[in-house]
Amino acid sequence: MAVTDSTREKIAVNIVDTLKQTITDDTRPFTIKKVVREPVIINDLAATSMPLVFVQSANETREDTTMGGSAITRMGTIDFVLHIYIKSGSRDTDRNTLLEIIDTALEADRTRGSNALDTQVIDIALITTGESAPYASLAITVQCEYCFTKGTS
Amino acid sequence: MAFADNNDLLNLNSSIFEHEVQDWTAELTRAENDILRKIQAEWYNKRYNNDNWDPLNLVEAQWTQATMYRAIGYYIMPRLTQWRTDSDAFQEQMEFYQARFAEEMSDQFAIGIQYDYNEDTVIDESEEYYNQQDRLWR
């Protein structure tokens, strides 16, 4: 039997695709250059690959929303952590600019291509405090709520 | 005329387009201009009247390899490196390709510069100019 992507995976793919679309927006003087789902070693990156966003599927809680029967509907609340890495001479400003770009892009479709009920940016945190110039990083936590049928998540 | 293009670069270095830059034409053009300047200064001007210099009389394929090495070593890798004090993979590649460029230029000068002086679109034996270098290219 063929295994299809879970809703969780489809949401992750949608977030990555949404962020990648911002790369081609040449109306902005500063924008994301690369979106990845695998961790990167910043020192090994090309200068042309930054700003970079590393998307990571993170914690999730799940609960039943129906009772009985074989096809129980469940609700999941999943966090995606978007790690942003910047190399710049105006790090704080650029970090805020990227946050705005990401927030705006994700807000355009809160259903993540009809895979989620809602999407919200719920937390913004520095990954490392006191980073040395010219690098800067930021972790943006995006929370998605979605429903799925038990056994087909 | 173009001594080398993006496809030539891809054949030489398969990861060259993995760094969010999809077109290296500007770097190839700068490399080509460098090479034309070197050929003119180091060979043509010493042999002929530089008023008659026409780069279109050169054979493009002879300088493809050198153009790629020059572009990667002097223009592309410097754009990619983060210029860390303890070096990175891009700085190492920069040194590697700069050395290949020096070798390639010396070799091409030694085996003979093909220049269609009479502009008949044929390079005969008398139009291959040997110009052995005693100096290192940098």
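Reminder, nothing fancy here: chain letters follow the sequence lines and each chain counts from 1. Quick caveat, the model's predicted, so the values are computed rather than measured.
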In one Ile/Leu/Val/Met/Phe/Trp/Tyr side-chain cluster, 4.5 Å: V121(A), I86(A): yes
Report every donor-acceptor pair between chain A and chain B with a separation under 3.5 Å, backbone and side chains included.
{"unit_1": "K34(A)", "atom_1": "NZ", "unit_2": "E20(B)", "atom_2": "OE2", "d": "3.3"}
{"unit_1": "I42(A)", "atom_1": "O", "unit_2": "Q82(B)", "atom_2": "NE2", "d": "2.8"}
{"unit_1": "N43(A)", "atom_1": "OD1", "unit_2": "R84(B)", "atom_2": "NH1", "d": "3.0"}
{"unit_1": "L45(A)", "atom_1": "O", "unit_2": "Q82(B)", "atom_2": "NE2", "d": "2.8"}
{"unit_1": "A47(A)", "atom_1": "N", "unit_2": "L80(B)", "atom_2": "O", "d": "2.6"}
{"unit_1": "T48(A)", "atom_1": "OG1", "unit_2": "H19(B)", "atom_2": "O", "d": "2.6"}
{"unit_1": "S49(A)", "atom_1": "OG", "unit_2": "E20(B)", "atom_2": "OE2", "d": "3.4"}
{"unit_1": "K87(A)", "atom_1": "NZ", "unit_2": "Q82(B)", "atom_2": "O", "d": "3.4"}
{"unit_1": "Y135(A)", "atom_1": "OH", "unit_2": "Q82(B)", "atom_2": "OE1", "d": "2.1"}

Common cluster, V13(A)/I102(A), ILVMFWY with side-chain heavy-atom separation under 4.5 Å: no
Single-linkage hydrophobic cluster, 4.5 Å side-chain cutoff, V81(A) and I101(A) together: no
Hydrophobic cluster membership, I23(A) vs I84(A), 4.5 Å side-chain cutoff: yes
Same cluster (ILVMFWY, side-chain, under 4.5 Å), F30(A) and V35(A): yes
